[in-house]
Every structure is written in C-alpha cells, then in structure tokens.
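In the text below, chain A, chain B and the rest are named by the order of the sequence lines, each starting its count at 1.
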Amino acid sequence: MNYDQLLNPEVLNIQPSGIRRFFDLAETMSEVISLGVGEPDFPTPWQIRKAGIQSLEAGKTRYTSNSGLQSLRETVADYLERKYQLTYDPLQEILITVGGSEAIDGFIRAVVAPGDEVIIPQPSYVCYEPITRLAGGVPVIIETKAEDQFKLTPEALKAAITPKTKALILPYPCNPTGAIMEKEDLEKIAKVLRGTDILVLSDEIYAELTFGGKSHVSIASLPDMKERTVVVNGFSKAFSMTGWRMGYACGPQEILAQITKIHQFAIMCAPTTSQYAAIVAMTECDEIVAEMAEEYDMRRRLIVDGFNRLGLTCRDPKGAFYAFPCIEKTGLTSEEFCQKLLESKHVAVVPGPAFGKGGEGFVRASYCYSTDHIKEALKRIGEFLEELNR
Amino acid sequence: MKLKLLKLLYKNSRLSLEEMATMLGAETKAVAAAIDEMEKEGVIRGYKAVIDWERVDNTNVSALIELKVTPKAALGFEEVAETVSKYPEVESVYLMSGGYDLTVIVKGKSFHDVAKFVAKELATMENVTSTATHFVLRRYKESDIQLCDRNSDDRGLYSL
Ligand SMILES: Cc1ncc(COP(=O)(O)O)c(C=O)c1O
C-alpha cells in the first residue's frame with residue numbers, strides 16, 4: 001500500500017519532535033545526567049494518591065458526566081476565584097479535560113476554521129502550531145526576544161494581526177523561556193485586543209510556579225477580557241500529577257459548549273480516578289504546593305547562578321521550571337551544543353529551536369531535579385566548555 | 001531567612017555557604033553569620049549523615065524502650081531523662097504523653113547487649129517503675145529520608 005497517498009497530508013506534514021534524535025542517542029548511553037524533562041521530580045503528594053486509591057476502593061470506576069464531576073468543577077471554580085480572582089460558573093463555563101493538552105486541542109478545534117490565523121508567540125510549548133495546522137488554521141509566529149525577557153509585546157502583536165486573525169495563544173508562564181507576563185504587560189496586550197473579535201487561549205499550566213514574589217495574573221481577570229478568553233490550566237505541574245492526565249478549560253459558555261461537544265465525542269470524560277484525586281489536590285494541598293514551589297525557587301537560583309558563572313548568560317526565569325541560557329558564545333548552534341554535550345559529557349539539555357526557530361542560540365535546562373543532580377550537571381557542562389575552549 | 005536556611009540544612013547540610021546563599025538569594029556572609037549564630041545559640045546541634053546501616057552491616061541493633069517513671073522528691077522526669085541521656089548506648093530520649101513517660105532509643109551490638117543494658121542500667125534506676133523493650137526489626141524511613149526506595153527516576157531523559 002502506498003501509505004503516503006493514503007494518509008492525511010496535513011498529518012504527514014507535521015514534523016516529529018526535534019528531540020527524538022537526542023532521545024535515541026541518549027538511550028544508548030549510560031550515566032546520562034538529564035536536565036531534559038518537562039515534568040516534576042516530586043511524586044504526587046500522598047493525600048492525592050490516597051484519594052485516587054480510595055475512589056477505586058469505593059468502586060468509582062464508571063464514566064463521569066462529560067464535563068467532569070460536578071464537585072470537581074465546583075472545586076475548580078473555588079480554586080480559580082481564590083487564587084486568581086477568576087469567576088466561572090461550574091455548570092456552564094468549566095470543562096474537565098485530559099490534561100491541559102486536550103483543553104488546548106479542544107479550544108483550537110472549536111474556534112479555528114480553515115484559513116483562520118492563530119498568533120503563536122515562540123519559543124513556546126510545541127503543541128499549538130501542529131494542532132492549528134490540523135484544524136486547517138494558519139499559524140502566525142511571533143518570535144519573542146531575549147531583550148524583552150521573551151515577553152509578548154503589544155507592538156509585535158499589533159504587527160501580526162490581520163483581518164483573518166482568529167485567536168492569540170498566550171503561553172505564560174512560558175515553557176521553555178521561563179518568561180511571565182505581569183499585570184502591566186497583560187494590560188498592554190488587552191488594550192490591543194479590546195474591541196476586536198480576537199479570542200485568547202491563555203495557557204496557564206505553570207501559574208502556580210512564579211518566582212520572586214510575583215504571583216501569576218490571568219489575562220481573563222482584566223476588564224473586558226473574560227468574554228474573549230479561554231483559560232487552560234491543569235494539575236500536571238503544580239501538583240506533580242503529569243501521569244494522571246488532568247486539566248481544564250474555562251471560558252464563556254458559548255465557546256465551552258462547543259469544546260464540550262468535541263470532548264464528548266472524542267473523549268467522553270476525563271479519567272474518573274484522577275478526577276477524585278484532583279479534588280483533594282485543590283482543596284488540601286496548598287501547603288505542599290507552596291513547599292514544592294519554594295524548592296523549585298532554590299534550585300532555580302542555583303542553576304541560573306551556575307550557568308552565569310560558567311559564562312553562559314542566563315536570564316532570571318520568573319516562572320515555570322526551566323532555565324534558558326544563551327549558548328551563542330560557544331560558536332555552536334543549539335543542536336550542535338546539545339549533541340556534543342550529550343556525546344562528550346552525557347548531559348541532556350534540549351535545544352532551543354525545538355520550541356520554535358527563535359530559540360536558536362539557547363538551550364532549555366529543566367531544574368526539576370535534586371540539587372546534587374543539578375550540581376553534577378553544571379560541573380560536567382563546565383568541563384565541556386573548558387574542553388571546547390582548548 | 002533563618003527558617004529557610006534551617007530547612008535547607010536539615011535537608012542537605014553538605015551544600016557550600018556560597019551554594020546556600022545562592023539558593024536563598026542571600027549574601028554568603030549573611031548565611032555564614034546566621035549559621036554561626038544558630039550554632040552558638042544551640043539551635044543547630046550538629047551535622048550528620050543519614051545512613052542505611054543495613055547496607056553496610058547487619059549486626060547493630062536498636063530498640064525503643066518505654067519507661068515508666070514515678071517522679072519523687074528532687075528527681076523529676078527532667079532529672080531522670082538527663083541521666084538516661086548521658087549513656088552512650090542511648091541514641092534519643094523523649095518525654096511522652098499517654099501511657100508511659102519516656103521513650104528511650106537504645107543501640108547495641110546485639111539483642112543481648114541491648115537487653116543487658118536495659119536490665120542493668122535502666123530498669124534498676126531509681127524512680128523507674130517499669131520498662132518495655134521493643135526491638136527495631138527494620139528501618140524504612142529515617143529523618144525524612146526513605147531508606148527502602150530505590151531512588152529511581154522513572155521519567156525519561158527528554159520530554160517537551
Ligand atoms: C506550556 C504547556 N502547556 C501544556 C502542557 C501540557 O500539560 P498537560 O497535558 O500534562 O496538562 C505542557 C506540558 O509540558 C506545557 O509545558
């Protein structure tokens with residue numbers, strides 16, 4: 001069979017992830033010190049796991065309603081109000097999804113028609129562009145700049161808007177740059193958007209992880225922005241629950257109703273066990289979440305300081321759990337840097353361009369690792385740089 | 001800063017002053033001074049490694065002893081506890097609420113060793129009215145560190 005002719009050309013055209021190659025190479029090595037993953041090292045807090053186990057013991061093993069357990073949606077509503085001053089109606093404006101991933105997919109599929117443009121700031125998480133293409137949409141990339149701390153500027157946004165613009169993706173706190181958008185930054189973006197018909201997908205999956213005393217602000221909490229914004233968030237990062245696959249979308253009932261239809265037919269409902277566990281995560285874990293955030297903050301300082309000492313300029317990442325040092329002065333491309341570092345020192349970091357062309361000259365180093373692990377990685381990177389200079 | 005510093009030290013006292021200062025966003029000098037001060041005040045009592053002895057030798061044993069004490073005249077709980085604390089065989093001593101008064105953790109080379117110590121030294125002590133000895137069979141967690149887990153990171157090497 002000639003599969004190339006059988007399969008959907010849109011899917012065939014999607015490039016496999018830029019890290020596949022490194023992954024295969026690293027698999028053949030021993031003693032790899034990885035700073036390569038985008039998920040917490042902390043185990044899911046025990047009381048959350050226990051809630052999952054108890055739900056199984058109690059036989060809660062059936063489908064829930066399509067939108068998710070009502071008690072969970074109410075919990076999410078309370079949580080968002082308490083944390084980010086967002087008010088959503090649990091019955092009509094909140095959908096429980098399979099990770100933030102499904103919420104992102106659902107939003108894009110629900111709003112993007114063929115030919116619609118979706119503005120995507122990069123470097124950023126990798127899913128927005130392929131999903132937009134699958135929906136027949138046209139990704140319009142804005143390359144955010146190191147000198148702007150990788151923030152989205154109103155000027156860049158204005159320049160990207162055309163009559164075909166359907167939506168803006170707002171991926172902050174940002175994987176991989178660690179950039180956040182503070183209230184005044186968001187206010188400038190809101191000013192550009194008010195009075196337009198442009199929708200916003202605000203991916204706030206790292207909202208709990210902001211540092212330096214700056215709490216996360218959601219663009220949906222600014223005047224007139226709720227009506228045009230869908231907030232996506234989830235349990236993976238804040239509660240160390242990546243494998244539970246729990247996320248949610250919140251927004252105007254008119255949009256949520258459409259996303260819910262897609263969800264209903266494609267997914268049915270998010271995993272039931274995980275939904276019960278998620279209630280406990282949001283109601284009983286403030287303290288442990290704060291502790292984990294504090295631990296990340298310390299590791300963040302350690303790794304940023306480490307890179308700067310090694311001469312690799314690293315801005316202070318204000319959110320998420322990644323450092324994004326500049327490796328330009330080595331004279332290597334990001335890919336070369338990562339490959340050579342892996343081959344000679346068995347240290348795994350992700351090349352910046354995996355997150356968009358604008359990531360060239362940078363690498364992403366996750367600090368979801370113990371301090372000893374981070375120290376060992378930095379030591380090896382130091383040796384690597386020294387050997388390069390010889 | 002002091003509380004955060006203590007937490008950090010409790011978790012890992014082998015970080016350098018510079019590393020701790022970086023992690024806390026403080027000056028190295030300030031961290032050094034705070035540690036000095038807390039050592040002098042007796043807040044910080046020492047720095048130790050948490051060791052899973054089972055992995056090196058199996059011969060040492062320890063036991064938790066419940067002591068019942070009848071405080072008499074000049075010899076209250078405090079005095080008994082202090083006397084008990086002086087023995088090198090004794091690892092920890094706690095005053096308890098509930099059914100008995102002092103928990104004493106005793107270590108020795110063998111069950112016999114520990115039993116002998118309890119019988120000869122603790123049981124015979126003035127004011128001690130009874131002892132109950134519980135031998136430790138296995139340690140699973142010590143000072144916040146799990147001893148039984150294999151420390152495996154089951155995450156992959158890369159993910160986006
Ligand atoms: C920015 C961002 N959004 C969304 C996700 C998806 O997370 P999940 O589907 O586990 O909620 C990730 C995961 O790495 C991410 O980094």
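Shown here is A:Lys375, whose NZ atom has more than 12 heavy atoms of other residues, nucleotides or ligands within 6.0 Å. More than 12 heavy atoms of other shown residues, nucleotides or ligands fall within 6.0 angstrom of atom OH in B:Tyr87. Other residues, nucleotides and ligands place no more than 12 heavy atoms under 6.0 Å from the CD atom of B:Glu126. Counting heavy atoms of neighbouring residues, nucleotides and ligands inside a 6.0 Å radius, atom CD of B:Glu78 does not exceed 12 of them. At most 12 non-hydrogen atoms from other residues, nucleotides or ligands lie less than 6.0 angstrom from CD of B:Glu27.
Contacts of A:Val349 with chain B are made by backbone atoms alone, with heavy-atom separations under 4.5 Å and no side-chain atom involved. For a residue to count as touching a neighbouring chain, one of its non-hydrogen atoms must lie under 4.5 Å from one of that chain's; by this rule A:Cys368 touches chain B with backbone and side chain alike. Heavy atoms of A:Asp41 lying under 4.5 Å from chain B belong to its backbone as well as its side chain. Interface remark: A:Phe23 contributes backbone and side-chain atoms alike to the contact with chain B (heavy atom separation under 4.5 Å).
Most heavy-atom pairs under 4.5 Å with chain A: of the set B:Asp154, B:Thr22, B:Leu24, this distinction falls to B:Thr22.
Under a 3.5 Å cut-off, the side chain of B:Arg155 and the backbone N or O of A:Val37 do not form any donor-acceptor pair.
How far CE of A:Met29 is from CG of B:Leu157: 10.0 Å, rounded to the nearest 0.5 Å. The OG atom of A:Ser34 lies 8.0 Å from the CG atom of B:Asp153; values are rounded to the nearest 0.5 Å. Considering CE of A:Met298 and CG of B:Leu15, their distance stands at 9.0 Å, rounded to 0.5 Å. Between the CD atom in B:Glu19 and the CD1 atom in A:Ile374 there is a gap of 11.0 Å [rounded to 0.5 Å]. Atom-to-atom distance recorded for A:Ile19:CD1 and B:Leu160:CG is 3.5 Å, nearest 0.5 angstrom.
With respect to A:Glu291 and B:Lys7, no salt bridge is recorded, no charged nitrogen being found less than 4.0 Å from a carboxylate O.
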